[in-house]
**Student:** 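Let me give you the structure first, and then I'll get to my questions.
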Amino acid sequence: MNRRNAIIVSLIVIVLIVLVAVAYVYIPRAPTTPTVLVVGTTEREETMDPSDSYNYFSVNMLQNTMATLLTYSQSGDGTLEPMLLTEVPTAQNGGISSDGLTYTLKLRSGATFEDGTAIDADTIKHSIDRAVGAKFDAASQQDRLAVPSFLLDAIDGANGYVTAYSGLTKDPPTHTQAEVDAAWANYVASGVEVVDATTAKIHMGRVWSPMQYLLAFTSMAPVNPNNYPADEFVPDPLEISASGPYQLSVFVSGERAELVRNTRFFGTPAAVEKVVIRFYETDAGLALAMATGEIDVAYRNLHPQAFQLLSVDARFKAEQGDSPVIRYLVFNSRDPPFSDVRLRQALAYAVDRGQIVKTVFLDTTQPLYSLIPRGMFGHEDVFQSAYPRDLARARALLTAAGYSEANKLAITLWYTPARYGTTEADVAVLLQSQWQETGLISVTLNSQEWGTYRQSFAAGQFRVFLLGWFPDYLDPDNYVFPFLHYASGGTTSFGSWYQNATLDQLIELQAQQSDPTQRAQTLSDIQDALAADVPYIPLWQTAQQVVYKKSVTGVILDDSQFFRYFTIRFT
Amino acid sequence: MPRATSSLRAYVLQRLALTVPMMFILLTLVFYFLRAAPGDPVSQILGERNAQFADVIRKQLGLDRPLYIQYFDYLRRIFTGDMGASLFTQRPVAEDIAHRLPATIELTIASMAVAIVVGVLLGVVSATRRDRPADVASRLTAAVLYNTPIFWFGIIMQLIFAVGLGWFDVGGRLDARLPLPPTITGLYTVDSLLTGQFVTFLDALKHLVLPATTLGLVLSGFFARMVRANMLQSLQADYVEAAKARGVRRGDVFYHHALKNAMVPVATTIGLTFAILFSGAILTETVFSWPGIGLYVANAIGARDYPALQGAVVYYALIMVFVSVVIDILAAWLDPRIRY
Amino acid sequence: MATTTVSAGLLRRSMVGRALGIFWGQSRTVAGVLVWMGLVVVVAFVVVAVLAPWIAPYEPNFSVQSGATPPSSQHVFGTNPIGQDMFSRVVWGARVPLAVVAISSILSLAIGAPLGLVSGYYGGLLDRFLVLVMDSIYAFPGLLLAVVVAAVLGQGIVNVSLVIALVYIPTYFRVIRNHVASVKEELFVEASDALALPRMMVLTRYVLPPVAQSIPVIFSVSAADAILTQAGLSFLGLGLPVDIPDWGLDVSRAVQRGFQTNWWSAVFPGLAIISLTTALAFISEGLNDILNPLLRRRDTR
């Protein structure tokens, strides 16, 4: 009995070993003619309902499977092009009315979803109304609003509806169900108008120039009414009814997603028949997979070290492009100690952006000296001239504020470890030593996960902390209004509470100025005020990086972060 | 004999009855721990701004109700098999876990096999050559293996066998260029064999090697120690002495008497080692991008995704209780000395 | 009554004496060598941790080089990619696991042992309930439990220690409860019960001393595990703030940064963990070997 068991066990072991050996010999490591493109990522999906998606990877999947009204040019510079529409609505072509309150959408004919359902003006109304209105959420067993619905706030009637709906859930309710129903009826009647089969109009409640960019966003992409009912969220990725270059055929969370060419797509067909997206858990795992040739393309997120290592590898091509994401420090300007402007200035003098960029990012990013990113209209390097690294001046300011070797300024620098990548902790460590170099500051580091972090800084619990900004639209307005405008609650939402009435006026002014020279001047004044008062210290502008095999071509690094799979091909 | 059977039946019933309060205690602990957490799942979903929407969403998710109402609601839902939905993917947690469970089972079984084979070998070598260099060497090996940080070991394995030698892939369950096998059991190795996809089977097996070896080797230290201790004990037992005295061959004494009897307590502790294995699986799955429940837990923790975390923990608890009950019962059935 | 007290006193003295004698006597056996080797390493780590400010040549958090440099005479363990001296970090890093182990073991012992004593000695419903609760926690994967609680408590040495203490309370509880239950059956305890001595007195005088023997064994087993759990928590980002040098965190930071070009940033902290945990494992192995036959002999008598 015993001996027989032993024999069986050893037989199984031997068979397994032989099988692995056979596997090693037999499995072709690289097929001679690759037909499947494999892309690795460490990003994660969230809900895939187009109206509810507000996460990089979910939106990315939708961008490659759904036709949006407008899209970003393949030049990658962030300019808009028509996709489902026949032209980009502008004031010149009459697409935007002279008062800026009506957008006329002229639809191309013949566009369909993967099941053959035609995309017409009714589909557009269905989809936009669906993105604005509350829907049933199976998770909470209740109705709720879509997460990015706030972006559609400027559409006529939308704000009234959202206010009424929010009022319903307040305690005690400030609105009744009847008022909500009336607000909804008002929105449906006034928001999106179907003119004929290929023409729809969006009526705005107020002038809001970033609306154009929103036409390229997936929450306004037409969805198939057969798959997406008006009153219910549909989070399942496999429910996506493709109208774009690819359709999603397989989705195994944490493992892989498979895209196959959508034969009903009206535009240029996808270059590669099938794309497999492989999910990796860690930056290190993704980098190793690239190094071993398991994947053809690695996009988001490679650690700078890994990027550098792969970029010197002869088998690969490594590229990097601009990203509109900026990183900065926030001061709580309302509470001591940083209600004292001298301390904010002292810390600005003591920061060494060069060391951070060189040591942590290996020069893959560039220092940032303003809140408006480099390359964007109105950008000026105000902090470069105002605050070169100068420990003597930092010490002078600290001494003037009453601090000394014996009585050091004691602060806690907060950061969040995952949201901004694995480099964040290293940045915090360097800032700590840079500030402590003054000899008059003692710094403690602490961190919280994003969910807690966000609550804490909004509640004013942090005095100085690291933050990043992912813009909603690529306009300087999106880099000054939320940051510096006090009256709208902007600075409060950043945990800054910085208050400057003159600045509020200047910010309102630039949003209305259509003359570029005038607007540039206003933006310049705003940035000067920023440098004088230092409510934030801009640190660096992030870069987006991609590494791919030399056998791959057609990778586009887009300013808008739109990563296209359908342009990539094998050489 | 009938008496023994009825007492076994009583034992089984008693053991099963105990699982109910055990599950209840675990569920309660998990619920209160997670709800006491400072992290706010709603903030996690939203970006840097949009605070005005947070209250609305929180209300809609029912996070504003008194804790005890949420607790009873949670219990009621679990009894109806509803684990809620992930805050992020919005998919039902029960569904997510059902998809990920086979990956963990596949990894766990393979690791257990590695652990038992290596552990028993080390243990036998140790016990049969007590206090001699071979014993010291295998005890040292076992101690070092068991005390190695598993994530560190995994990375070293990846560096050597995947990056350095290129023998294996660094992670995942299957080459991305191969289509997934049809889902029958969810274990890729089994499904591909059942459907006759030999290449897929070999590839799935190949992907299993590194994570299973990492996890298995670390756990083998545990088995080695146990086998050694138990074998030494049985080697001193009267029947072994008697066998020696009868002039039974040395090897036969070891393998027929000592090892066989030493394996009974080993088998009965397998249930316990599953707990260690599951702990290790969280780290192993993270290192090897192995899409199982361990990884699901790690992701849910990072995101403060309460429903997902709760669901995963409840499943873990169910599996643990189930496994430990089954193994206890098996042990009672196998070993007549155990009676409660 | 007088006789029992005397005999218990004798028993206690002889127990300690025997244990020490056995320790010394065993120093030439494998078990003895294992214990001594383990002790030497652990004590060395304690000394290093205490004297860290004098031993470490650099500030562990300061960027003293512009990037990763291989081991050299200036930096014996090299510097990591952000220019920190790895030797200084490894030296300072010894403080974390030792502090965590010390705090968590004291907590686990302080909670688990009394509960185990009471539960095992009094038995009954209380015992059943406690065993059920402890078994529920014990059956649960330790790291999973730690991860869930750590996510709630947040970072810091004390918090991590609390988490680990919670994980190991059932271990102390179980061993001590079972031991007490078996000691309770022994003649002299039954005898003192028959003499109607106060229960607390029986507990502290006759039950505690023999049971206390198992504490070093549980400690050495759970200490190694505790260090690994702490390192695992750090790897999953649930450990300590980054300005506290910590081996587990250093390994995970090195992995995140990619250590193919700077193996020393991951290897040395990893080796430090293995050295300490293995040393503790040696102690527990040896103690088991030495104490177990003794316990068995006493049991069979």
Side-chain angles (χ1 to χ4, degrees), chain A residues 2 13 16 19-20 22-24 26-27 31 36 38 44-47 49 52 54 137-140 142-145 147 150 165-166 169 233 235-236 250 252-256 276 278-282 284-285 288-289 291-292 294-295 418 449-452 454-455 458 467 469-470 482 493-494, chain B residues 38-41 43-53 55-57 59-62 64 84-92 96 99-100 117 155 158 162-163 166-167 169-173 175-177 180 199 202-203 205-206 209 255-256 260 286-287 289 291 295-296 299 302 304 307:
Chain A
N2 205 349
V13 171
L16 283 179
L19 281 178
V20 172
V22 170
Y24 178 66
Y26 270 88
I27 293 183
V36 180
V38 184
R44 280 286 157 280
E45 86 283 2
E46 291 181 6
T47 175
D49 187 313
D52 203 22
Y54 195 51
D137 175 22
S140 64
Q142 287 178 52
D143 281 358
R144 68 173 176 86
L145 294 169
V147 171
F150 71 95
Y165 186 80
S166 315
T169 55
F233 283 111
D236 186 354
V250 171
V252 185
S253 184
E255 188 165 0
R256 65 161 77 177
V276 176
R278 270 291 302 269
F279 299 113
Y280 290 90
E281 213 24 56
T282 56
L288 290 179
T292 56
E294 233 175 284
I295 53 177
E449 292 297 325
W450 176 245
T452 330
R454 193 183 166 283
Q455 270 191 321
L467 207 60
W469 179 246
F470 301 82
S493 71
F494 279 84
Chain B
D40 176 4
S43 303
Q44 198 83 37
I45 303 174
L46 295 170
E48 272 75 2
R49 273 201 302 157
N50 323 326
Q52 68 270 32
F53 286 88
D55 286 341
V56 179
I57 294 177
K59 177 122 191 167
Q60 285 158 347
L61 291 175
D64 60 333
S86 156
L87 290 177
F88 294 94
T89 66
Q90 301 283 322
R91 289 189 302 255
D96 274 356
H99 280 140
R100 282 164 171 263
V117 169
I155 298 278
Q158 283 181 333
V163 181
W167 291 357
D169 284 353
V170 285
R173 295 177 72 191
D175 190 294
R177 289 170 186 88
L180 299 176
V199 174
L202 290 177
D203 191 67
L205 204 60
K206 202 178 98 179
V209 171
Y255 295 105
H256 281 180
K260 198 174 157 190
T286 308
V287 170
S289 300
L295 193 50
Y296 192 71
N299 287 336
R304 297 290 189 275

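Letters A, B, ... mirror the listed sequences (proteins, then strands); counts begin at 1.
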**Student:** So what's closer than 4.5 Å to chain B heavy atoms on A/Phe279: side chain, backbone, both or neither?
**Tutor:**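 Contact with chain B: backbone only.
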**Student:** Any idea which of B/Ala162, B/Ala176, B/Pro291 has the most non-hydrogen atom pairs under 4.5 angstrom with chain A?
**Tutor:** B/Ala176
**Student:** Is the side chain of A/Glu294 donor-acceptor paired with the backbone N or O of B/Val170 at a distance under 3.5 Å, no angle test?
**Tutor:**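 Indeed, once roles are kept as given, a pair shorter than 3.5 Å links the two residues.
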**Student:** Testing B/His99, B/Arg100, B/Arg173 for side chain to side chain contact (heavy atoms under 4.5 Å, CB included) with A/Glu255, which one passes?
**Tutor:** B/Arg173
**Student:** Does a side chain donor of either B/Arg91 or A/Ser253 reach within less than 3.5 Å of an acceptor in the other side chain?
**Tutor:** yes
**Student:** Can you give me the closest heavy-atom contact between A/Leu288 and B/Gln158, atom names plus distance?
**Tutor:** CD1-OE1, 3.3 Å
**Student:** Using non-hydrogen atoms only, which part of B/Ile155 is less than 4.5 Å away from chain A: side chain, backbone, both, or neither?
**Tutor:** neither
**Student:** Pick one of side chain, backbone, both or neither for B/Val163, based on which atoms fall under 4.5 Å of a heavy atom in chain A.
**Tutor:**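 For B/Val163, the contact with chain A is made by backbone and side chain together.
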**Student:** Name the region of B/Asp96, side chain, backbone, both or neither, that has any atom closer than 4.5 Å to a heavy atom of chain A.
**Tutor:**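 Neither part, no heavy atoms under 4.5 Å.
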**Student:** To the nearest 0.5 Å, how far apart are CG in B/Asn299 and CZ in A/Arg44?
**Tutor:** 5.0 Å
**Student:** For A/Ala458, is it the side chain, the backbone, both or neither that has a heavy atom under 4.5 Å from a heavy atom of chain B?
**Tutor:** neither
**Student:** Determine, step by step, whether A/Val38 and B/Arg177 satisfy the side-chain contact (heavy atoms from CB on, under 4.5 Å) criterion, reporting the C-alpha distance in whole Å, the side-chain angles of both residues, the deciding distance to 0.1 Å, and the verdict.
**Tutor:** CA-CA 7 Å; A/Val38 184; B/Arg177 289 170 186 88; 3.9 Å; yes
